[in-house]
Each structure stands twice: as C-alpha cells, then as structure tokens.
Amino acid sequence: MAVRSIITGTGSALPPAIVRNADLEEKLDTSDTWIVERTGIRERRIAAPEVKTSDLAVEAAEAAMASAGVGAGDIDLVVVATATPDDTFPATATRVQARLGIRQGAAFDVAAVCSGFVYALTVADALLKTGAHKRALVIGAELFSRILDWEDRTTAVLFGDGAGAVILEARDEDGRGILAARLHADGRHGDLLFVDGGPGSTGTVGKLRMKGREVFRHAVTNLASVVEEVLADAGLEASAIDWIVPHQANARILEATARKLGLPMERVVMTVGQHANTSAASVPLALDQAVRDGRIRPGQLCLLEAMGGGFTWGAVLLRF
Ligand code: UT7
C-alpha cells in the first residue's frame, strides 16, 4: 500500500504585544485607512526584544505535538522554515530539537522566505515517502520585526512576528494526506524582495527591501498557475477545494486567487488582518486557527499556497 504524509496535529504561537495601525501612524507617514484599503492589515504581533525565533517555534511545536498526542521520542525529523534564524548557524531547527528533547533523526532549516512553510512541508513529505523518516515536525517561525526598516513606510506596516507548526506522519494511504505538491523558483527576481545584508556580503543582518507593486503582480500570476498544477496532478477541479489556506501577504492577493479559482471568499482562511505578513509562519498559523475554531475538519480538501522572496512559490494540496 502506498504511503501518504498526513497532518495529525497543528499548533501556533503569537507574541502577546499587539501593534495596531494607529500605533504606526504615530511613527510613520501612513494611515490606518491606507493600510486597511491596500492590504487588509489591521494589526500585527511584535515580539519583545529578548524573544528568539526558536522560542516561538518551540511554543508552536509543543501545541502541535499535544494536539497530535505525540512526544519527543516519536519525532525523527525537524524542519524549520525561517528567514530570521536565531543565529547564522546552527540551524534554528537544531535549537528547537534540543529544547524539545528530540534525540533521534535529522533537523535542518529551509530558507524560502514566505514560501518557506510550503517548501518545508514538501521536503518533509518527500523524506517521509522514502521511508527514512516516520514523523516530522514542520514549523514556520519568523521575527520579521527584526529585519524591518522601521522608517520605511512601504514595508514596515506589512509584516509581523509568529510561528505555526504541524506534525506530519507517514501512514498507509487511506484517502487522506498530501495529494500533490509543487515548488518553483525564479532567481532573476531576487532584487524585487530581499534583505540588504548577510554574513557573506556586508557582515551585517540587513533590512528588508521590496518593490511591492512588482511582487504583487508576479504573486497573482504565479499562484494561479501553481494551483492549477497541483489540481491537475491530483486530478481534481477547483470546485472540490473546501479551504484555501494561503500565505497572508495582502487581502487583495487572496481575493484575486479565489476569484481566479471561482471560489467564494468564505472558503479562504484569512488572518492577514490580525497577523499581517508573518512570512513562513503565515500558512501554518492560518491552518492552526481554522483547525482549532472547527472550520477545517478531517477529510476536507485544503489548498496551501505561498509566494515570496527569491522569487519562490509553491502549493500543497492535501486531504486533512
Ligand atoms: O510575502 C511576500 C510577498 N509579498 C507580497 O506579496 C507583497 C505584495 N505587494 C503588496 O502587497 C502591495 O504592492 C503593497 C501593499 C506593498 C503596496 O500596495 P500598492 O497598491 O501596490 O501601492 P504602491 O506601492 O503602488 O504605492 C501607492 C502609493 C505610493 O504613493 P505615490 O507614489 O502613488 O504617491 C506610495 O508611496 O502609496 C504610497 N504608500 C503609502 N502610503 C501610506 C506606500 N506605503 C504607504 C504607507 N502609507 N504605508
């Protein structure tokens, strides 16, 4: 019987401090009206200075492990998607592994920025299918507040901090699990969304820079085509999708994707208003929220999709 990777638990973590658009109006030449109309963002969470990415990752992981009913001894793969690791190395995944008391298997980070969780889930799925690993902890965790230029209104208002996690388990095929996954990259567009520093260039961490309008245009086109690909791979029509769980960059991108698929917004899990763009954390954060509030139920068809710096983009179609 074929093996499929099934999500058996979800969890998330958000820093307690809420920063509302009105708070940003005091520091930047911006307005709540502009931010809400152009992005749908109303507020975001910002972590206290002493908090590390691994702290949020561990909190989300513990919640996912509890919901799956598994312990440290049951996990043999830890993958953390992040563009804001604790340190340049070791991988944040190894910090998380140690803190959780996981002693077996592998741990590594995936750097695909906002597509990071979709990339990490796809890589974990592939490793589970080889039979080399049995149960993965896949996390998206970010502290984008640390790489923002807080004087640049075109980017500072858009991002937030958070983490989300899933337990992904190899099981004999029963109709559930990851049905199709596709990843893409086009490095020619690296300068449209990037951080202007790093250990191998400036020796500093750097700040996020983005040409938002161009990113927006590519996002709508790339997401539509990768979604078509996973639907075709699985032999399914868009109308079969119960929930779209998209990367939360901009409410208008979410609306455009739903429109292209002919699906109503009621089937889109939208958290951008409360979390803003949390990069690799946004998809698992949205997934966990919709699972916990009872919207996403076992057996439903979910489409996870994301696009981000690189450019990188991808989609995962799964039966929850
Ligand atoms: O997560 C990775 C992927 N990232 C994305 O998908 C982000 C994609 N891009 C976007 O979401 C949108 O392009 C933005 C929200 C970043 C910008 O929205 P836009 O409708 O594309 O606006 P724009 O960049 O074309 O700027 C329109 C105007 C400009 O003024 P002028 O040149 O028309 O006078 C900006 O200077 O809005 C101005 N503006 C602002 N005004 C008030 C830019 N940022 C702000 C701001 N407050 N925070």
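Nothing here was measured: the structure is a model prediction, and the numbers come from that model. One-based numbering, in listed order, for ligands and for the atoms of each. For this chain, numbers begin at 1 and follow the sequence in order.
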With a 4.5 Å cut-off on side-chain heavy atoms, are Leu254 and Asn250 touching? no
Any chance the side chains of Thr278 and Glu142 put a donor and an acceptor closer than 3.5 Å? no
Co-membership, hydrophobic cluster, residues Val316 and Val230, 4.5 Å side-chain: no
If you count the atoms of ligand 1 from 1 in the order shown, which ones are under 4.0 Å from a heavy atom of Met307? 2 (C), 3 (C)
Quick check: is Leu318 connected to Val110 through a chain of hydrophobic side chains (ILVMFWY, heavy atoms under 4.5 Å apart)? yes
Can you pull out the closest protein heavy atom to atom 18 (O) of ligand 1? Residue, atom name and distance to 0.1 Å, please. Arg252 NH2, 3.5 Å
Within ligand 1, which atoms have a heavy atom of Val157 less than 4.0 Å away? 48 (N)
Those atoms of ligand 1 less than 4.0 Å from some heavy atom in Thr154: 43 (C), 44 (N)
Hey, which atoms in ligand 1 end up nearer than 4.0 Å to a heavy atom of Cys114? 1 (O), 2 (C)
Near Thr39 (heavy-atom distance under 4.0 Å), the atoms of ligand 1 are 15 (C)
Considering only protein heavy atoms, which is closest to atom 1 (O) of ligand 1, and at what distance to one decimal place? Asn277 ND2, 2.6 Å
Does the protein put any heavy atom within less than 4.0 Å of atom 31 (P) of ligand 1? no
Counting only nitrogen or oxygen atoms and a 3.5 angstrom limit, does Ser31 reach ligand 1? no
To which of Ile253, Asn250, Ile41, Thr30 does the heavy atom nearest atom 6 (O) of ligand 1 belong? Ile253
Given Arg38, His247, Glu214, which one has a non-hydrogen atom that is nearest to atom 22 (O) of ligand 1? Arg38
Under 4.0 Å between a Lys/Arg side-chain N and an Asp/Glu carboxylate O for Asp74 and Lys134? no
Test your reading of the model: is there a side-chain donor-acceptor pair from Ser31 to the backbone of Trp34, 3.5 Å cut-off? yes
For ligand 1, is there an atom lying under 4.0 Å from some heavy atom of Leu193? yes
Tell me yes or no: between the side chains of Asp152 and Thr155, is some donor less than 3.5 Å from an acceptor? yes
Short question: side chain of Ser67, backbone of Thr10 - any donor-acceptor pair under 3.5 Å? yes
Looking only at distance, does Gly212 have an N or O less than 3.5 Å from an N or O of ligand 1? yes
Identity and separation of the nearest protein heavy atom to atom 26 (O) of ligand 1: Arg213 NH2, 4.1 Å
Is any heavy atom of the protein nearer than 4.0 Å to atom 48 (N) of ligand 1? yes
Which word best sums up how the rings of Trp313 and His184 line up, parallel for under 30°, tilted for 30 to 60°, or perpendicular for over 60°? parallel
For Arg44 and Asn21, test the side chains for any donor-to-acceptor distance below 3.5 angstrom and give the result as yes or no. yes
Among Val215, Leu208, Asn21, Asp29, which one has a heavy atom closest to atom 4 (N) of ligand 1? Val215
Is it true that the side chains of His247 and Asn277 contain a donor and an acceptor less than 3.5 Å apart? yes
Do Asp161 and Arg45 sit within salt-bridge range, that is, some charged N less than 4.0 Å from a carboxylate O? no
Just to be sure I'm reading this right: ignoring hydrogens, which of Trp34, Phe216, Phe311, Phe144 gets closest to atom 37 (O) of ligand 1? Compare them by their nearest heavy atoms. Trp34
When distances are taken from atom 16 (C) of ligand 1, the protein heavy atom at minimum range is Leu158 CD1, 3.7 Å
Hey, is atom 34 (O) of ligand 1 touched by any protein heavy atom at less than 4.0 Å? no
Kindly identify the option in Glu37, Arg153, Glu25 whose heavy atom sits closest to atom 41 (N) of ligand 1. Arg153
